[in-house]
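A short worksheet on the structure shown next.
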2 protein chains.
Amino acid sequence: MNAYTTARIALPPQPTHLNLQVGSGPAPVQPLSFFAAGSEIYAQGEKAGAFYQIEFGAVRIYRLLADGRRQISAFHLAGETFGFEADTTHHFFAEAINATAVRTFRVAAGVDMSRQLLPLALKGLSRAQEHLLVLGCQNAIERVAAFLIDMADRQGGLRQVDLPMSRMDIGDYLGLTIETVSRVFTKLKEKGVIRLANLRCVEIVRQDALRDMSE
Amino acid sequence: MNAYTTARIALPPQPTHLNLQVGSGPAPVQPLSFFAAGSEIYAQGEKAGAFYQIEFGAVRIYRLLADGRRQISAFHLAGETFGFEADTTHHFFAEAINATAVRTFRVAAGVDMSRQLLPLALKGLSRAQEHLLVLGCQNAIERVAAFLIDMADRQGGLRQVDLPMSRMDIGDYLGLTIETVSRVFTKLKEKGVIRLANLRCVEIVRQDALRDMSE
DNA sequence: CGTTGACTTGAAGGTATTCAAGCTTTGTGG
DNA sequence: CCACAAAGCTTGAATACCTTCAAGTCAACG
């Protein structure tokens with residue numbers, strides 16, 4: 001794990017987050033770790049045994065095939081939790097997309113966290129299944145539309161949606177090439193469904209149209 | 001829920017299964033329900049609140065899009081458990097593929113099953129993520145190869161693999177059409193990688209070759 | 001023995017990929 | 001602050017893969 005700490009990163013207002021401590025009394029402050037854009041939070045094969053809540057920034061969770069193909073199984077944004085697995089070793093890589101801070105919750109030996117972890121695991125399962133539907137049934141436009149709707153919903157349903165990740169990341173998440181992602185963005189712009197303030201910031205002009213497309 | 005009970009179904013030797021009862025003492029016998037091939041175990045929108053362990057048979061879990069496209073998110077075989085969800089209502093359909101018997105575990109109000117359910121949820125999450133990798137990165141041959149390997153492993157790694165589901169089911173699981181599934185089977189036969197004893201029974205002749213293909 | 005449903009095979013077509021080139025944005029050093 | 005380089009993104013043309021549509025085969029069942 002490659003945390004880097006620096007005083008140059010100004011902490012934005014912290015998102016509200018679940019209190020995951022066990023028991024009562026003065027909650028111990030969990031250690032906060034900082035990661036530069038592109039740096040690794042954990043790697044496939046590393047020992048698991050903690051989970052992480054994002055204070056700010058964004059994280060991609062992915063696997064690699066032998067020939068280098070990459071499948072991003074999830075993006076996580078501020079306030080969200082990731083890192084728990086069925087096994088004692090990680091089967092995925094987790095990387096900071098941007099400058100990111102995470103709060104680490106180590107699972108002490110002998111402590112049963114089932115009650116806290118089950119809802120998180122079920123949430124993750126539900127998301128994975130939704131993603132499965134997209135990859136299994138939908139074409140390029142539908143995939144991108146579903147992705148934008150999801151990102152919008154997770155950012156409070158506002159018109160302005162922040163995309164912390166690159167086109168490459170989006171492609172590897174949706175099972176498309178960067179070229180196809182780019183072409184779909186262009187098409188959505190031409191149809192007047194979205195506008196791009198800049199590459200990483202989408203304005204959803206016609207949310208209804210986008211929702212129609214996403215299924 | 002559409003259970004049907006009949007004396008005509010002979011019970012095969014029961015698979016070993018986890019003891020999921022809470023507490024100790026004489027374990028209460030959980031009700032056993034029988035389902036005919038194609039019958040519904042639960043439907044999307046129905047109230048959840050139980051989980052199911054398969055005594056014999058096989059089950060498909062799926063969702064439908066508005067236009068009728070279907071994504072099968074999982075197959076479950078004898079001994080496996082399914083039916084728990086993040087929400088209080090089901091977001092999926094569950095159907096018996098063959099004549100199937102399931103043991104139903106109702107979750108009593110106020111009883112905390114987290115400890116029992118967490119490993120099952122994590123297992124499901126892990127499977128869904130594996131499936132995501134297949135749908136996101138792999139072509140038709142790789143998908144079918146991965147599917148066959150998975151089925152073989154879940155049936156004890158034997159050469160003879162039973163496919164309880166139709167080509168249609170396999171297609172809807174792998175994000176392919178039945179024609180493509182059929183063509184891939186034909187190609188694998190021509191290459192001498194598999195043999196078909198009959199439509200629902202595959203002999204894996206060269207497991208190494210199949211494993212190479214599956215990634 | 002004929003009918004039905006499931007599967008296979010073939011040919012044509014469409015969608016996404018690949019390869020290649022050009023454009024934009026971002027960061028760095030002068 | 002500008003110039004340049006590098007990376008990321010967009011666009012175009014050709015290709016590949018999978019789908020669609022259609023016909024034909026096979027197996028199970030009455």
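Fair warning: this is a prediction, and the values are worked out from it, not measured in the lab. To find a chain, count down the sequence lines: A is the first, B the second, and so on, and within it residues start at 1.
The cationic group of B/Arg154 does not satisfy the cation-pi geometry with B/Phe75, failing either the under 6.0 Å distance to the six-membered ring centre or the 45° limit from the ring axis.
Nearest to the side chain of A/Ser182, among C/dT8, D/dT10, D/dT20, sits D/dT10. Distance from the side chain of B/Leu199 is smallest for C/dT8 among the nucleotides C/dT8, D/dT19, D/dT11.
Nucleic acid contact for A/Asn139: sugar-phosphate only, since backbone atoms but no base atoms lie under 4.0 Å from a heavy atom of the residue. Counting any heavy atom pair closer than 4.0 Å across all strands shown, A/Thr180 reaches a base atom. Using a 4.0 Å heavy-atom cutoff across all strands shown, B/Gly171 reaches no nucleic acid atom at all. Residue-level contact check: B/Arg143 touches neither bases nor backbone, having no heavy atom under 4.0 Å from any strand.
Nucleotide C/dC7 holds its C1' atom 10 Å from the CZ atom of B/Arg200, rounded to whole Å. Following rounding to the nearest Å, B/Asp172 (CG) and D/dC18 (C1') show an atom-to-atom distance of 15 Å. The CE-P distance, from B/Met168 to D/dT19, rounds to 12 Å in whole Å. Taking atom CG of residue B/Asn198 and atom C1' of nucleotide D/dA27, one finds them 10 Å apart after rounding to whole Å. Following rounding to the nearest Å, B/Leu176 (CG) and D/dC18 (P) show an atom-to-atom distance of 7 Å. When the C1' atom of C/dA16 is taken as reference, atom CG of A/Leu174 falls 13 Å away, rounded to whole Å. Atom-to-atom, CZ of A/Arg167 to P of C/dT25 comes out at 12 Å; the value is rounded to the nearest Å. Look at CG on B/Asn98: it is 15 Å from P on D/dA28, rounded to the nearest Å.
In the region residues 183-195 of chain B, proximity to DNA chain D at under 4.0 angstrom, judged on heavy atoms, holds for B/Arg183.
Using a cut-off of 4.0 Å between Lys/Arg side-chain N and Asp/Glu carboxylate O, A/Arg70 and A/Asp169 are scored as salt-bridged. Look at A/Arg211 and A/Asp153 and you find a salt bridge, because one of the NZ, NE, NH1 or NH2 atoms lies within 4.0 Å of a carboxylate O, short of that distance.
Residue order along DNA chain C, read from the 5' end via each residue's closest nucleotide, puts B/Leu196 first among A/Gln138 and B/Leu196.
Taking only distance into account, the side chain of B/Glu179 meets the base of D/dC21 through a donor-acceptor pair shorter than 3.5 Å.
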Worked verdict on B/Gln160 versus B/Cys201 for side-chain contact (heavy atoms from CB on, under 4.5 Å): CA-CA 7 Å; B/Gln160 287 277 116; B/Cys201 186; 3.2 Å; yes
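B/Phe185 places a side-chain heavy atom less than 4.5 Å from the side chain of B/Arg167.
Using cut-offs of 30° and 60° on the angle between ring planes, the pair A/His90 and A/Tyr42 is parallel.
Across every non-hydrogen atom of B/Ala121 and A/Leu118, the tightest pair is CB-CD1, 3.9 Å.
Residue B/Ser166 places none of its side-chain N or O atoms closer than 4.0 Å to OP1 or OP2 of C/dA6.
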